Amino acid sequence: MGKEKDYRENIDRSVKRLAKALNIIEALHQDLEFVFEHTDWNSEVNWQIEEAASKLGFALATLNNWYDEPEE
């Protein structure tokens, strides 16, 4: 069970790190959205950030449920 415990700890740590990263990405997204609302700059980069955050959110969900029993 020693290695299994280590794996779970690594996944738990990864979940926390990814959640923190998504919080940072959300904050920068809001900062950029403010800029784009008040300027005529191209907001394509903000769309790319949204896409990346969405994919990272899916990864976070997968990691969070990694050791759960599969539903029938």
Side-chain angles (χ1 to χ4, degrees):
M1 176 85 180
K3 288 189 180 200
E4 182 77 17
K5 183 180 179 221
D6 289 343
Y7 299 149
R8 285 178 183 257
E9 288 174 358
N10 283 337
I11 288 178
D12 289 344
R13 186 172 42 252
S14 296
V15 165
K16 289 182 182 192
R17 287 178 174 168
L18 184 51
K20 285 181 183 181
L22 281 166
N23 288 145
I24 292 168
I25 290 169
E26 178 186 20
L28 80 87
H29 179 268
Q30 290 172 352
D31 288 347
L32 289 175
E33 193 151 295
F34 177 80
V35 170
F36 295 132
E37 286 175 359
H38 294 89
T39 66
D40 60 350
W41 292 356
N42 184 340
S43 62
E44 177 73 16
V45 69
N46 229 17
W47 180 83
Q48 292 172 334
I49 291 168
E50 288 174 5
E51 286 291 307
S54 175
K55 290 179 182 180
L56 289 171
F58 295 145
L60 178 60
T62 299
L63 288 172
N64 189 57
N65 297 314
W66 193 264
Y67 285 103
D68 290 355
E69 292 294 322
E71 294 182 15
E72 292 184 18

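Since this is a predicted model, take the numbers as computed values, not measurements. Here, residue 1 is the first one in the sequence, and each next residue gets the next number.
- Residue I24 belongs to no hydrophobic cluster, having no ILVMFWY side-chain heavy atom closer than 4.5 Å to its own.
- Between R13 and N10, the closest side-chain pair of non-hydrogen atoms falls below 4.5 Å.
- Atom CG of residue L18 and atom CG of residue N23 lie 10.0 Å apart, to the nearest 0.5 angstrom.
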Name every donor-acceptor pair, under 3.5 Å, that has one atom in a side chain of residues 31-46 and the other anywhere in the protein, sequence neighbours excluded.
unit_1	atom_1	unit_2	atom_2	d
H38	ND1	F34	O	2.7
T39	OG1	V35	O	2.9
T39	OG1	W41	N	3.3
N42	OD1	E44	N	2.8

List the atom pairs, donor and acceptor, that lie under 3.5 Å between side-chain atoms in residues 48-65 and the rest of the protein, sequence neighbours left out.
unit_1	atom_1	unit_2	atom_2	d
E50	OE2	H29	NE2	2.8
T62	OG1	F58	O	3.1
N65	ND2	A61	O	3.0

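- Atom CG of residue D12 and atom CD of residue E9 lie 7.5 Å apart, to the nearest 0.5 angstrom.
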